[in-house]
Amino acid sequence: MKAPGQALQAQLLARSFFEASPETVAPRLLGRILEHRTASGTLAGRIVEVEAYLGPHNQPPDPAAHAFRGPTDRTRVLFGPAGHAYVYAIYGRYFCMNISCELAGRAGCVLLRALEPLTGLEVMARNRGLLSDAPARNLTSGPSRLCLAMGLTRAGQNGVDLVDADSALRVLDDGWLPERIVTTPRIGLKVAMDWPLRFAVAGHACASGPKRMRG
DNA sequence: CTGTGGATTTGCT
DNA sequence: GCAAATCCACAGG
């Protein structure tokens, strides 16, 4: 029996968890924990919304994926071993974080779109430029919001191994499982707009977008 | 609730 | 050059 208030045991995922297609990995990632150990303390959140982006080996290839045109300087980590962070800059001011999938040589990734904040909420609020009593659902609901809150940047975290016990940024599993998952098209695209590759914990307040997108 | 526009770096054509 | 896997502020119903 677990004593009241005792933290749940959370363990690293095996690399093989990520050595599969993004559309397989994405829904299974819901409920896992992203943890960043920083100088200002440990920040952690439960993954509640993701999107899959497929590698160019797929038929048909995914025109919305950064890996669509093959490896470049930016997308190199997507073609490397699974379970690594792919962090890229967008619109000049923001970052988005993905986790690489597939065996080395093939690309594919899962974009993290929303977390439920678990620890370090005050630091997250400060990182977001919000008051320290801001509602939890405002801290990490959105791909760039969660990067800001968790202190993730391309310079700092791109290429980090998320299944290495010594990494400051890791993905952990505490056994939590979503009751129901909603599947919808991906958000913000102008191509492949009907591919059902967005997955969210049904009804979760921390998922991004309007209520209908949260299930 | 919906819609619009601006901020501003990066990578690829 | 230009478009981008975004966010925020603000206007209007």
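In the text below, chain A, chain B and the rest are named by the order of the sequence lines, each starting its count at 1. Remember, it's a predicted structure, so these values are computed and weren't measured experimentally.
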Could you check A/T24 against A/R28 for side chain to side chain donor-acceptor pair (under 3.5 Å), going step by step and ending with a plain yes or no?
CA-CA 7 Å; A/T24 300; A/R28 297 180 57 196; over 6 Å; no
Whole angstroms only, please: what is the CE-C1' distance between A/M193 and C/dA5?
13 Å
Apply the test side chain to side chain contact (heavy atoms under 4.5 Å, CB included) to residues A/W176 and A/V201: give CA-CA distance (whole Å), side-chain angles for both, the deciding distance (0.1 Å), then the verdict.
CA-CA 12 Å; A/W176 190 94; A/V201 176; 4.1 Å; yes
Whole-Å distance between C/dA3 C1' and A/H66 NE2?
11 Å
Nearest-Å distance, CG (A/N158) to P (B/dG11)?
10 Å
Rounded to whole angstrom units, what separation is found between the CZ atom of A/R128 and the P atom of C/dC7?
8 Å
Looking at C/dC8, C/dC7, C/dA5, which one has an atom nearest to any side-chain atom of A/C109?
C/dA5
Using the closest heavy atom to pick a nucleotide of DNA chain C for each, name whichever of A/G188 or A/L148 lands nearer the 5' end.
A/G188
Nearest-Å distance, CG (A/L112) to C1' (C/dA5)?
12 Å
Nearest-angstrom distance from the residue atom CD of A/E49 to C1' of C/dT6:
13 Å
Between A/L130 and A/L189, which residue's closest nucleotide on DNA chain C lies nearer the 5′ terminus?
A/L189
Letter by letter from the 5' end, nucleotides 4-9 of chain B scores (B base, S sugar-phosphate only, - none; protein heavy atoms under 4.0 Å) ---BBB
Which nucleotide sits closest to the side chain of A/T72: B/dC12, C/dC8, C/dA5?
B/dC12
Determine whether A/L29 and A/V77 fall in the same hydrophobic cluster, where Ile, Leu, Val, Met, Phe, Trp and Tyr are linked whenever their side-chain heavy atoms lie under 4.5 Å apart.
no
How far apart are the closest heavy atoms of A/P81 and A/A104, and which atoms are they?
N-CB, 3.9 Å
For DNA chain B, what is the dot-bracket line, given that a base pair needs Watson-Crick (N1 to N3, plus N6-O4 or O6-N4) or G-U wobble (N1-O2 and O6-N3) geometry with both distances under 3.5 Å, and | means paired with another strand?
|||||||.||||.
Step through the shown structure and confirm whether more than 12 heavy atoms of other residues, nucleotides or ligands are within 6.0 Å of CZ on A/R128.
yes
Listed in order of residue number, which residues of residues 74-88 of chain A have a non-hydrogen atom at under 4.0 Å from DNA chain C?
A/Y88
Candidate pair A/E35 and A/T119, rule side chain to side chain contact (heavy atoms under 4.5 Å, CB included), full reasoning
CA-CA 9 Å; A/E35 179 207 65; A/T119 53; over 6 Å; no
Determine yes or no for a side-chain-to-main-chain donor-acceptor pair under 3.5 angstrom, with A/R32 supplying the side chain and A/V171 the backbone.
no
Does the A/S21 side chain pair with the main chain of A/L54, one donor and one acceptor, at a distance under 3.5 Å?
no
Between A/R170 (side chain) and A/Q11 (backbone), is there a donor-acceptor pair under 3.5 Å?
no
A/R154 has an atom CZ; how far is it from atom C1' of C/dA5, in whole Å?
15 Å
The test is side chain to side chain contact (heavy atoms under 4.5 Å, CB included); show your working for A/E116 and A/H204 and say whether it passes.
CA-CA 9 Å; A/E116 171 194 351; A/H204 202 289; 3.1 Å; yes
Over how many whole Å does the gap from A/R113 atom CZ to C/dA5 atom P extend?
11 Å
Between A/S167 and A/D161, is there a donor-acceptor pair closer than 3.5 Å when you use the side chain of the first and the backbone of the second?
yes
Can you give me the closest heavy-atom contact between A/C206 and A/S141, atom names plus distance?
O-CB, 3.1 Å
For A/R145 and C/dA5, is the shortest distance between a side-chain N/O and OP1 or OP2 below 4.0 Å?
no
Per A/K190 side chain, nearest of listed nucleotides C/dA4, C/dA5, C/dT6
C/dA4
